[in-house]
Amino acid sequence: MDLFDLGRDELHVGGLPLSLLAERVGQTPFYAYDRALIAARIAAVRERLPRGVQLHYAVKANPMAALVGFIGPLVDGMDVASAGELKLALDAGADPRSIGFAGPGKRDAELRQAVAAGVLLHVESAREFALLAAAAQALGRPARVALRINPDFELRGAGMHMGGGAKPFGIDAEQVPAMLRAMAREGLAFEGFHVYPGSQNLRGQVLAESLQRSMDLVLRLAQDAPAPLRYVNLGGGWGIPYVVGEKRLDLSPVADALARAHAAVARDWPAARLALELGRYLVGEAGIYVARVLDRKVSRGQVFLVTDGGMHQHLAASGNFGQVIRRNYPVVIGNRLQSAERESVTVVGPLCTPLDVLAERMDLAVARPGDLVVVLQSGAYGASASPQAFLGHPPCAEVLV
Ligand SMILES: *Cc1c(COP(=O)(O)O)cnc(C)c1O
């Protein structure tokens, strides 16, 4: 299954030609996410997971309500990182027992909401203990908790490091035994551990090694736990290729490491669930961003396509969402896939800032005003991860097809 149908001049999403979809949406720019591609990706991941390992969706990657509702029945749980995402997951029908709530700075009100909902809280600071205990007392409901561990190792080659060294996320591994004792004193319902070393990793061996080390750490720390281990979330961090030359993640070593981790948990803690949380890997390749060409300008020999979409709606494609060096996302002229007439162009948005670049000196089909520029690999960290209010342009639309 693919967005590209060989021999067609026009990109298809969910079986619809792009220009027709644009009419249906009623505006450009827009994001479109393909249900069939998402379902196929989730099925492919499940095929590689050892039986019994649970698959969670990290809502942060794409919080569009219809998409979260679509994914809900296909996964075993949702991971949220704010009360807003918690509401989304609950509205989508997720079972509160299968929702995990992480985040380095949870407000008092968020902690109470999470206790009221009965979700699992990934505690990241001693400050949260007292607040959770008070919420549990006030509401007459248990505060279900897992400790998020900041591991004593770092994930090499990850796009974004979120564990190891000094981090605001989680509790340093060496402080965990004392935290577990404090947790027991507060009467919180300990269920397990969460380890999240980082995001956007394309190296299977590195991920496998990190899984192994996370598992060893969890089993060691579980010795000091106030209750039997019932839950282990080993994170995810599976990357997708965004730029030319990036290789797809090889899942073989990851699947082997998961199988070993699963066997180790089953041996020592038979009642424990092992979960994996994936965001972009499930949805990133199933989405596109579509903007219309407003103008084609030539400045001192360089061709610029000026579109109605840009960095305010797709910050990542502009290179300003955590990238160190700006590199082009895959971009095509969605209604001229077969065109032999090509040229090197820079695609920009309507914002009055040089940061508003969607593609720089890329070889694309020669385009005219009215044509549709498509940024591929845009199903994650798109609309919700972009500063849409910047410069006062109207918001983009999002559709699930
Ligand atoms: C951001 C995040 C994820 C999702 O990351 P992806 O790279 O989209 O898979 C999962 N878990 C935690 C704790 C996160 O912070």
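Bear in mind the structure is a predicted one, so any value in this text is a computation, not a measurement. Whatever order the structure lists them in is the order used to number ligands and atoms, beginning at 1.
Counting non-hydrogen atoms of other residues, nucleotides and ligands closer than 6.0 Å to CD of Q205 gives a total of 12 or fewer.
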For a distance cut-off of 3.5 Å, show me each N or O of ligand 1 paired with any protein N or O, plus the separation.
unit_1: ligand 1; atom_1: 5 (O); unit_2: Y196; atom_2: OH; d: 3.0
unit_1: ligand 1; atom_1: 5 (O); unit_2: S199; atom_2: OG; d: 3.3
unit_1: ligand 1; atom_1: 5 (O); unit_2: Y381; atom_2: OH; d: 3.3
unit_1: ligand 1; atom_1: 7 (O); unit_2: S199; atom_2: OG; d: 3.0
unit_1: ligand 1; atom_1: 7 (O); unit_2: R280; atom_2: NE; d: 2.8
unit_1: ligand 1; atom_1: 7 (O); unit_2: R280; atom_2: NH2; d: 3.3
unit_1: ligand 1; atom_1: 8 (O); unit_2: R280; atom_2: N; d: 2.8
unit_1: ligand 1; atom_1: 8 (O); unit_2: Y381; atom_2: OH; d: 2.6
unit_1: ligand 1; atom_1: 9 (O); unit_2: G279; atom_2: N; d: 2.9
unit_1: ligand 1; atom_1: 11 (N); unit_2: E277; atom_2: OE1; d: 3.1
unit_1: ligand 1; atom_1: 11 (N); unit_2: E277; atom_2: OE2; d: 3.2
unit_1: ligand 1; atom_1: 15 (O); unit_2: K60; atom_2: NZ; d: 2.8

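Between I71 atom CD1 and M64 atom CE the span is 11.0 Å, to the nearest 0.5 Å.
Ring to ring, F193 and H122 are not that close: their centroids are 6.0 angstrom or more apart. For F390 and H312, the ring centers are positioned 6.0 Å apart or more.
Pairs engaging residues 274-283 under the side-chain hydrogen bond (donor to acceptor under 3.5 Å, both in side chains) rule: H194-E277, Y242-R280 [sequence neighbours left out].
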Problem set entry | Test ring-ring contact (aromatic ring centres under 6.0 Å, His included) applied to F321 and H314, step by step | CA-CA 9 Å; F321 188 62; H314 202 327; 9.5 Å; no
